[in-house]
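Here the structure is laid out as structure tokens; the discussion comes afterwards.
Predicted model, so just to flag it, every value in this text is computed and none were measured. Only heavy atoms go into these numbers, but all of them, side chains included; no hydrogens, no water, no symmetry mates. In what follows, every chain begins at residue 1, and chains take the letters A, B, ... in the order their sequences are listed.
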2 protein chains.
Amino acid sequence: MKLDSLDHQLLKYLQQDAKKTTKELALLLGLSNTAVYERIKKLERQKIITNYVALIDKEKVEKDFMVLCQVKLSQHVKNNIIQFEREVLKLEEVLECYHVSGDYDYILKVLVKNMDAYRKFIIEKLTVISGIGSTQSTFVIKEVKNTTLIVS
Amino acid sequence: MKLDSLDHQLLKYLQQDAKKTTKELALLLGLSNTAVYERIKKLERQKIITNYVALIDKEKVEKDFMVLCQVKLSQHVKNNIIQFEREVLKLEEVLECYHVSGDYDYILKVLVKNMDAYRKFIIEKLTVISGIGSTQSTFVIKEVKNTTLIVS
DNA sequence: CCTGAAAATACAACGGT
DNA sequence: ACCGTTGTATTTTCAGG
């Protein structure tokens, strides 16, 4: 579970380009092919690397209307919380959901095609979940930065 | 640029597991190896697939203190905006930054090790950017959902 | 951690439906 | 557009030291 400097470098490279071959990485790190291979396998076994994914261009698939939606539950009973969190997991429009401090209970990052789709999402999918008190929408004017790279 | 049902399925699979081989994908889609290969290459050429990345476990690299930080600029002049956005891109603690509607101008998703690190981030990195008016922090109690999968 | 070799996959180009 | 086949190149994977 202890990561050395080479592991950190390796993680950084793989978080930027998972298609890098062990050969390329070996060259970058000054290690042999197999040493890199074994390190990657170890990181996968330890679930430090959870998975490999393709990232796609939101605009090119017509999904570039993003809204940060704050949600307040009507009552903070356990059942409401469990229920809301379970339902949110099922909604494909919700990319991220955080239980947060402050006035509202949750902040959701919602991605849809356009305002119409958002209206539909709110009316037909979000507010039909029982236990929701109120919601407030903050619209994204521009995505300035969005990275999956965690520097550790 | 037009995507058919098979392209969409392909994107969905690759967004969930980029390590799937063309052989496996061919089986899933009911296509030949070469057909799948050509489709993937097309999606890459069209930059619909922008890149492939490894995702890592935040907790296991001791980076699981997340804060949503709202930022207001002191004046909405072009220079302030340009400057702020340029500086934010450089901050590795800022995973996401959105220019938004509402009371505040920006919402930042910030990831650090702990509260101490956050305090340090605010004092030494964020508020030293010129043109910043005020900030407000919303702390993440629990990450309920976080996916990179965009269903199109 | 290394070298070296086998197995699997990716990549490219063909003619054919 | 898709299929199948044939290559070859490259990469992954795993011995054994």
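- Here the closest heavy-atom approach between residue A:D7 and residue A:K2 is recorded as OD2-O, 4.1 Å.
- Neither OP1 nor OP2 of D:dC2 sits under 4.0 Å from any side-chain N or O of B:S32.
- Residue B:L29 contributes atom CG, which lies 16 Å from atom P of D:dA1 at whole-angstrom precision.
- Salt bridge A:E44/A:K41: present, at least one basic N to carboxylate O contact under 4.0 Å.
- Atoms CG (B:L43) and P (D:dA1) sit 12 Å apart, rounded to a whole Å.
- At least one side-chain nitrogen or oxygen of A:K41 sits closer than 4.0 Å to the OP1 or OP2 atom of D:dT13.
- Between its opening and closing five pairs, the helix from C:dC1-D:dG17 to C:dT17-D:dA1 changes axis direction by 30°, a value rounded to 10 degrees.
- In this entry the distance linking CG of B:N33 with C1' of D:dG7 reads 14 Å, nearest Å.
- The pair B:K142-A:E85 does not meet the salt-bridge criterion, since no charged nitrogen lies less than 4.0 angstrom from a carboxylate oxygen.
- The nucleotide whose nearest atom lies closest to any side-chain atom of A:T34 is, among D:dG4, D:dT11, D:dC14, D:dC14.
- Of all nucleotides in DNA chain C having an atom under 4.0 Å from a heavy atom of chain A, the first and last in 5' to 3' order are C:dC1 to C:dG4.
- A:T135 is not listed as a side-chain neighbour of A:K72, based on a closest heavy-atom distance of 4.5 Å or more.
- Using a 4.0 Å cut-off between charged nitrogen and carboxylate oxygen, B:K63 and B:D57 do not count as a salt-bridge pair.
- Taking atom CZ on B:R39 and atom P on D:dC3, their separation rounds to 9 Å, with Å as the unit.
- Between B:L27 atom CG and D:dC3 atom P there is a gap of 12 Å when expressed in whole angstrom units.
- Salt-bridge annotation for B:K90 and B:E87: present, with a side-chain N of the basic residue lying under 4.0 Å from a carboxylate O of the acidic one.
- Straight-line distance from the CG atom of A:L14 to the P atom of D:dT12: 11 Å, rounded to whole Å.
- Counting only residues at least two apart or on different chains, the ring pair (Phe, Tyr, Trp, His ring centres under 6.0 Å) pairs with a member in residues 68-93 of chain A are A:F84-A:Y106.
- The nearest pair of heavy atoms linking B:S152 to B:H8 is OG-CD2, 3.2 Å.
- Atom pair B:E38:CD and D:dG4:P shows a separation of 15 Å (rounding to whole Å applied).
- The interatomic distance linking B:E24 (CD) with D:dT12 (C1') rounds to 14 Å, in whole Å.
- Note: B:F139 and B:Y118 have perpendicular aromatic rings, judged against thresholds of 30 and 60 degrees for the angle between ring planes.
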